[in-house]
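Below are the structure tokens for one structure; questions will follow.
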Amino acid sequence: MGSSICGVSPSQIFLFLLFSYVSVATAALRQNPSGKSFGLSASGQINSNSVLVALLDSHYTELAELVEKALLLQTLEEAVGKHNITIFAPRNEALERQLDPEFKRFLLQPGNLKSLQNLLMFHIIPKRVGSQQWPDPKTGPVKHSTLCNDHVHLSSKSTGGKTVDSAELIRPDDVIRPDGVIHGIHQLLVPRSVIEDFNKRRNLQSITAVLPEGAPEVDPRTHRLKKPAPVPVGASPVLPIYDAMAPGPSLAPAPAPGPGGARHHIDGESQVKDFIQTLLHYGGYNEMADILVNLTSLATEMGRLVSEGYVITVLAPNDEAMSKLTTDQLSEPGAPEQIIYYHIIPEYQTEESMYNAVRRFGKVKYDTLRLPHKVVAQEADGSVKFGHGEGSAYLFDPDIYTDGRISVQGIDGVLFPEEETEIVKKPAAVKVAAKPRRGKLLEIGCWMLGTLRFRSCQ
């Protein structure tokens, strides 16, 4: 055998192959300096020992279900293929019982998929952070970037506890895999961006069921198009409230005086939003607030009326009363609006003014926005009672909100107008012409002649 191949010695070939192997190994180490195995196999499939598989098979079932609903599996697989990850998994109770039902409905709506994805990726750090790598209490919190381009702060307490933002670490290093680690936390982490998206949905500006603006105005007397007359800022509206809601007269007892002061521009939407927030903070009137904002567009309509100078009094049923409504009562088209219209009085009344009225006049009928029905108020047990019989309600929480334009009075029942009883007309009696009565003596004479077999008198 020759000592060389094409002029190249075997030792030179060996050195060339060794140099090529070292170069490839060095490039691989540069791409993975930690030297830890990735979650993806050479074929691109996720490994069975990946932290994602462990999450889906773990006892964090609520979080795993949300990850699948958010369509994040492919995104997380790509993240695991690039680097290790750390997952902060809330316990199931935090997602089942401790999460606000309205916020959970917001997350599961198809139009809010991006908010759900940001919420879940806020719980994932694109690096491995074990419980031993938590910052020392003396050094203070350490900021880490998450997969949603936001930040969480890891900190330690002097008592030995560890926290992620406001959530306490209850199961450190609960699941450990070559490509990541899962820590159990006691509550859900909510980024500021998701909170802002949720608040925008609650904002009255985002309600789309509003009447179009800029439509031509019609004079109700001449039925012709008219140009709006200039009205001073803050002045009372020219037309009654029923021209904005529905045609019909408006006669009501004297309203309570509102707060005095100079007239200014009225921001009705802000006032309606303020009184709805007051209902929520007061407690026990969440269903009423939900109907005004979410189930109907009445909040926007009320804000428009107040902006135009009208005043209203809302008789707000509490949650216990609203829970007694049946599905049939709410399923008819326009039924929620008609129910609320019957609880809105187109004047400003307070608990004191209504009580003084029923004390003085006994029974007082107030107009409502549900024409032509009126709500009857009377004194009962030192309070004001609305309605009739079993469908009556008492003034339960007086003056929940009063600002001179909007008055909110809490009641303990849902009011319904009296059913109109149909008057059944009896058929007119047929008058039979009576024969003229003869005199008494003539009748006796005819009778005697008849007994004697004479021809009877006709």
Run the side-chain hydrogen bond (donor to acceptor under 3.5 Å, both in side chains) check on Asp397 and Gln409 step by step: do they pass? CA-CA 6 Å; Asp397 291 317; Gln409 308 293 327; over 6 Å; no
Closest heavy-atom pair and its distance - Pro90, Leu188: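 Taking every non-hydrogen atom into account, CG-CD1, 3.8 Å.
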Which atoms form the tightest heavy-atom contact between Ser407 and Gln349, and what is the distance?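 Taking every non-hydrogen atom into account, OG-O, 2.6 Å.
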Chi angles and distances behind the side chain to side chain contact (heavy atoms under 4.5 Å, CB included) call for Val375, His343: CA-CA 8 Å; Val375 60; His343 291 75; over 6 Å; no
Hey, is the main chain of Glu347 close enough, under 3.5 Å, to the side chain of Tyr310 for a donor-acceptor pair?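 Looks like no, no N/O pair under 3.5 Å.
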Is it the case that the side chains of Ser50 and Asp179 hold a donor-acceptor pair, with the cut-off being a distance below 3.5 Å and no angle test?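 A donor-acceptor contact under 3.5 Å links the two side chains.
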Side-chain donor or acceptor of Asp381 paired with backbone N/O of Ser383 under 3.5 Å: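 No; zero donor-acceptor contacts below 3.5 Å.
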Side-chain donor or acceptor of Asp319 paired with backbone N/O of Asn286 under 3.5 Å: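 Confirmed, Asp319 side chain pairs with Asn286 backbone.
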Kindly say whether Gly303 contributes a backbone atom to a donor-acceptor pair with the side chain of Glu269 at under 3.5 angstrom?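 No; zero donor-acceptor contacts below 3.5 Å.
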Please find the pair of heavy atoms, one from Gly413 and one from Ala321, that lie closest to each other, and give the distance.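 That closest heavy-atom pairing would be CA-CB, 3.5 Å.
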I need the Leu76 CG to Ile124 CD1 distance, nearest 0.5 Å.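 These two atoms lie 4.5 Å from each other.
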Any side-chain heavy atom of Val129 within less than 4.5 Å of one from Trp134?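 Yes; the side chains approach each other to less than 4.5 Å.
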Can you name the closest pair of heavy atoms from Ser131 and His183 and give their distance?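 Where Ser131 meets His183 most closely, the heavy atoms are N-CE1, 3.7 Å.
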Mind checking whether Ile340 and Thr296 have side chains closer than 4.5 Å, heavy atoms only?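 Not touching, per the 4.5 Å side-chain cut-off.
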If I take atom CG from residue Leu369 and atom CD from residue Gln338, how far apart are they, to the nearest 0.5 angstrom?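 Leu369 atom CG to Gln338 atom CD measures 10.0 Å (nearest 0.5 Å).
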With no hydrogens and no angle check, do the side chains of Asp197 and Ser115 hold a donor and an acceptor under 3.5 Å apart?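 Indeed, the side chains of Asp197 and Ser115 share at least one donor-acceptor pair under 3.5 Å.
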Under 3.5 Å, side chain of Arg128 to main-chain N/O of Pro178, donor-acceptor pair present?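 Yes, Arg128 side chain to Pro178 backbone: donor-acceptor pair under 3.5 Å.
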Relative to the ring of Phe275, is the ring of Tyr401 parallel (under 30°), tilted (30 to 60°) or perpendicular (over 60°)?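 Because their plane-to-plane angle lies in the 30° to 60° range, the rings of Tyr401 and Phe275 count as tilted.
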Using only atom types and a distance under 3.5 Å, with no angle test, would you say the side chain of Asn118 pairs donor to acceptor with the backbone of Val194?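 Such a contact is absent between Asn118 side chain and Val194 backbone.
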Can you give me the closest heavy-atom contact between Tyr342 and His373, atom names plus distance?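 The pair with the smallest heavy-atom distance is CE1-CB, 3.7 Å.
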Can you list the steps and then say if Leu55 with Val175 is a side chain to side chain contact (heavy atoms under 4.5 Å, CB included)? CA-CA 8 Å; Leu55 173 64; Val175 178; over 6 Å; no
Step through the shown structure and confirm whether more than 12 heavy atoms of other residues, nucleotides or ligands are within 6.0 Å of CG on Asp173.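 Enclosed: over 12 neighbouring heavy atoms sit under 6.0 Å from CG of Asp173.
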Sub-3.5 Å donor-acceptor pair from the side chain of Asp399 to the main-chain atoms of Glu351, do we have one?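 Yes, the answer is positive, given that a donor and an acceptor are paired below the 3.5 Å cut-off.
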Does the side chain of Thr163 come under 3.5 Å of the side chain of Ser155 through a donor N or O and an acceptor N or O?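 A donor-acceptor contact under 3.5 Å links the two side chains.
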Taking atom CG of Leu189 and atom OG1 of Thr146, what is their separation to the nearest 0.5 Å?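 Between Leu189 CG and Thr146 OG1, I get 10.0 Å after rounding to 0.5 Å.
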Okay, side chain of Asn199, backbone of Ile195: is any donor-acceptor separation there less than 3.5 Å?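 Side chain of Asn199 to backbone of Ile195, a donor-acceptor pair under 3.5 Å: yes, one is there.
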Take a 6.0 Å sphere around CZ of Phe396 and say whether it holds more than 12 heavy atoms from other residues, nucleotides or ligands.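 Counting other residues, nucleotides and ligands, CZ of Phe396 stays at 12 neighbours or fewer.
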Side-chain contact test, heavy atoms from C-beta onward, threshold under 4.5 Å: evaluate it for Pro191 versus Leu119 and give yes or no.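 In short, these two side chains touch, coming nearer than 4.5 Å.
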Got a salt bridge between Glu308 and Arg304, using NZ or NE/NH1/NH2 to carboxylate O under 4.0 Å?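 Yes.
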Quiz question: by atom type and distance under 3.5 Å, do the side chains of Glu287 and Ser323 form a donor-acceptor pair?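 No, Ser323 and Glu287 have no side-chain donor paired with an acceptor closer than 3.5 Å.
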Name of the residue among Leu280, Asn318, Val314 meeting side-chain contact (heavy atoms from CB on, under 4.5 Å) with Met288: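 Answer after filtering Leu280, Asn318, Val314: Val314.
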Flag side-chain contact, heavy atom, 4.5 Å: His153 against Asp165: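 Touching, per the 4.5 Å side-chain cut-off.
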Would you say that more than 12 heavy atoms from the other residues, nucleotides or ligands in this model lie under 6.0 Å from the NZ of Lys104, or not?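 Atom NZ in Lys104 is crowded, with more than 12 foreign heavy atoms closer than 6.0 Å.
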Working for side chain to side chain contact (heavy atoms under 4.5 Å, CB included), residues Thr368 and Leu315: CA-CA 10 Å; Thr368 66; Leu315 304 178; over 6 Å; no
Within a 6.0 Å radius of atom CD on Glu320, are there more than 12 heavy atoms belonging to other residues, nucleotides or ligands?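 For Glu320, atom CD is not crowded (no more than 12 foreign heavy atoms under 6.0 Å).
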Give the intermediate values and the outcome of side chain to side chain contact (heavy atoms under 4.5 Å, CB included) for residues Thr278 and Val408. CA-CA 10 Å; Thr278 302; Val408 181; over 6 Å; no
With a 4.5 Å heavy-atom cut-off, do Met302 and Leu305 have their side chains touching?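 Side chain of Met302 against side chain of Leu305, heavy atoms only: no contact under 4.5 Å found.
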Min side-chain heavy-atom separation His144-Thr86 under 4.5 Å: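 SC-SC contact between His144 and Thr86 ruled out.
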Could you check if a side-chain atom of Leu73 sits within less than 4.5 angstrom of a side-chain atom of Leu56, using non-hydrogen atoms only?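 Leu73 reaches Leu56 side chain to side chain.
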Ignoring hydrogens and geometry, is there a side-chain-to-backbone donor-acceptor pair from Thr350 to Ser353 under 3.5 Å?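 Yes; judged by distance alone, with no hydrogens or angles, the pair exists.
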Closest non-hydrogen atom pair between Pro126 and Ile85, with its separation: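 Looks like CA-CG2, 4.4 Å.
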Atom pair CD1 (Ile170) and CZ (Arg91), whose distance is rounded to the nearest 0.5 Å: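 Nearest 0.5 Å value for the CD1-CZ distance: 5.5 Å.
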Exercise: do Glu301 and Tyr341 side chains pair donor with acceptor under 3.5 Å: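 Per modelled atom types, Glu301 and Tyr341 side chains form a pair under 3.5 Å.
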Quick check for you: to the nearest 0.5 Å, what is the distance between Glu337 atom CD and Ile291 atom CD1?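 Here the rounded value is 9.5 Å.
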Calculate, to the nearest 0.5 Å, the distance between atoms CG and OG1 belonging to Leu95 and Thr61 respectively.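 Reported to 0.5 Å precision, the distance equals 9.0 Å.
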Exam field: side chain Gln133 to backbone Gly130, donor-acceptor pair closer than 3.5 Å: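 Between the backbone of Gly130 and the side chain of Gln133 there is a qualifying donor-acceptor contact (under 3.5 Å).
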Minimum side-chain heavy-atom gap Phe103-Val190 below 4.5 Å: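 Contact flag for Phe103/Val190 side chains = yes.
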